[in-house]
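Everything below concerns the one structure shown next.
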Amino acid sequence: MTLVELKQLLEQTGYPVTYSHFNDGAPSVPYICYRTQGTENYYADNKIYQEVIPVDIELYTERKDLTAEKKVKDALQDKEINYEMVPEVFIDSEKLFLNTFEVELR
């Protein structure tokens, strides 16, 4: 799956989606930002055998929003994309909750 395909998948949640950040300020919540985290490639015979791109998918909400979380989970599971969730964070300066889903694109 490519980053373009991942964006299209996340847009199926019905929430605004962007890479890294919204240039003109964030839209109303919930919204999703995603960004790459370098690579974790597999090597064989001094060549890249398989490219692996870790991606963080960040879901921002104004309260604990199980419906929004489920939409992201369902979208990922429907395409058989495995994910891990890191502990939820409350961003006090923004008054928003942040749920991060870690995935790997291959």
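- By the criterion of side-chain heavy atoms lying less than 4.5 angstrom apart, applied directly or through intervening Ile, Leu, Val, Met, Phe, Trp or Tyr residues, Ile53 is grouped together with Ile32 in one hydrophobic cluster.
- Under the rule for a side chain to side chain donor-acceptor pair (under 3.5 Å), Glu51 has no partner lying at least two apart in sequence or in another chain.
- Residues Leu105 and Met1 approach most closely at CB-O, 3.6 Å, considering heavy atoms.
- Partners of Glu104 by salt bridge (charged side-chain N to carboxylate O under 4.0 Å, His left out), not counting sequence neighbours, listed by chain and number: Arg106.
- No chain of hydrophobic side-chain contacts below 4.5 Å, direct or via other Ile, Leu, Val, Met, Phe, Trp or Tyr residues, connects Val72 to Val89.
- Checking side-chain atoms of Asp56 against main-chain N and O of Glu102 turns up no donor-acceptor pair under 3.5 Å.
- Under the 4.5 Å side-chain criterion, counting only non-hydrogen atoms from C-beta, Lys70 is not in contact with Thr67.
- For Asp65, the side chain to side chain donor-acceptor pair (under 3.5 Å) criterion is met by no residue, not counting sequence neighbours.
- Annotation: side chain to side chain donor-acceptor pair (under 3.5 Å) contacts of Asn46 (sequence neighbours excluded): none.
- Applying the ring pair (Phe, Tyr, Trp, His ring centres under 6.0 Å) test to pairs two or more places apart or on separate chains, those with a residue in residues 84-106 are Tyr83-Phe101, Phe90-Phe97.
- Put simply, Met85 and Val17 are part of the same group of oily side chains (I, L, V, M, F, W, Y) that touch within less than 4.5 Å, one to the next.
- Side-chain contact check for Val103 versus Ile57: some heavy-atom pair is nearer than 4.5 Å.
- Annotation: side chain of Pro16 is in contact with side chain of Phe22 (closest heavy-atom distance under 4.5 Å).
- Of the possible donor and acceptor atoms, one in the side chain of Thr13 sits under 3.5 Å from a partner among the backbone N and O of Tyr15.
- Listed by chain and residue number, nothing satisfies the side chain to side chain donor-acceptor pair (under 3.5 Å) test with Arg63 (two or more places apart in sequence, or in another chain).
- No more than 12 heavy atoms of other residues, nucleotides or ligands shown are found within 6.0 angstrom of CD on Glu80.
- Clustering ILVMFWY residues whenever any of their side-chain heavy atoms sit less than 4.5 angstrom apart, transitively, puts Tyr19 in the very cluster that holds Leu76.
- In this structure, Ile48 shares a hydrophobic cluster with Tyr43, the cluster being traced through Ile, Leu, Val, Met, Phe, Trp and Tyr side chains under 4.5 angstrom apart.
- For Glu88, the salt bridge (charged side-chain N to carboxylate O under 4.0 Å, His left out) criterion is met by Lys64, not counting sequence neighbours.
- When all heavy atoms are compared, the tightest approach of Ala75 to Leu9 is O-CD1, 3.5 Å.
- Residue Thr61 comes nearest to Pro30 through the heavy atom pair CG2-CB, 3.8 Å, listed as atom of the first residue, atom of the second, then distance.
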- Begin with the C-alpha distance, continue with both residues' side-chain angles, and end with the deciding distance and a verdict on salt bridge (charged side-chain N to carboxylate O under 4.0 Å, His left out) for Arg35 and Glu58. CA-CA 9 Å; Arg35 56 192 169 86; Glu58 300 172 337; 3.0 Å; yes
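- Listed by chain and number, the hydrophobic cluster partners of Val86 come to none, as no ILVMFWY side chain reaches under 4.5 Å of it.
- Proximity of Glu5 to Thr2: side-chain heavy atoms (C-beta onward) are separated by under 4.5 Å at one or more points.
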- Message: Let's go through Thr36 and Leu3 carefully: what are the C-alpha distance in whole Å and the side-chain angles of both, what is the deciding distance for side-chain contact (heavy atoms from CB on, under 4.5 Å) to 0.1 Å, and is it a yes or a no?
- Response: CA-CA 9 Å; Thr36 59; Leu3 284 174; 3.8 Å; yes
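- With sequence neighbours excluded, the residues satisfying salt bridge (charged side-chain N to carboxylate O under 4.0 Å, His left out) with Asp92 are Lys95.
- In this structure, Glu40 has no salt bridge (charged side-chain N to carboxylate O under 4.0 Å, His left out) partners at least two apart in sequence or on a different chain.
- Side-chain contact between Lys7 and Val4: absent, with no pair of heavy atoms (C-beta onward) separated by less than 4.5 Å.
- Taking Tyr60 as the reference, Tyr31 meet the ring-ring contact (aromatic ring centres under 6.0 Å, His included) condition, with sequence neighbours excluded.
- With a 6.0 Å radius and a threshold of 12 heavy atoms from other residues, nucleotides or ligands, Asn82 has its CG atom at or below the threshold.
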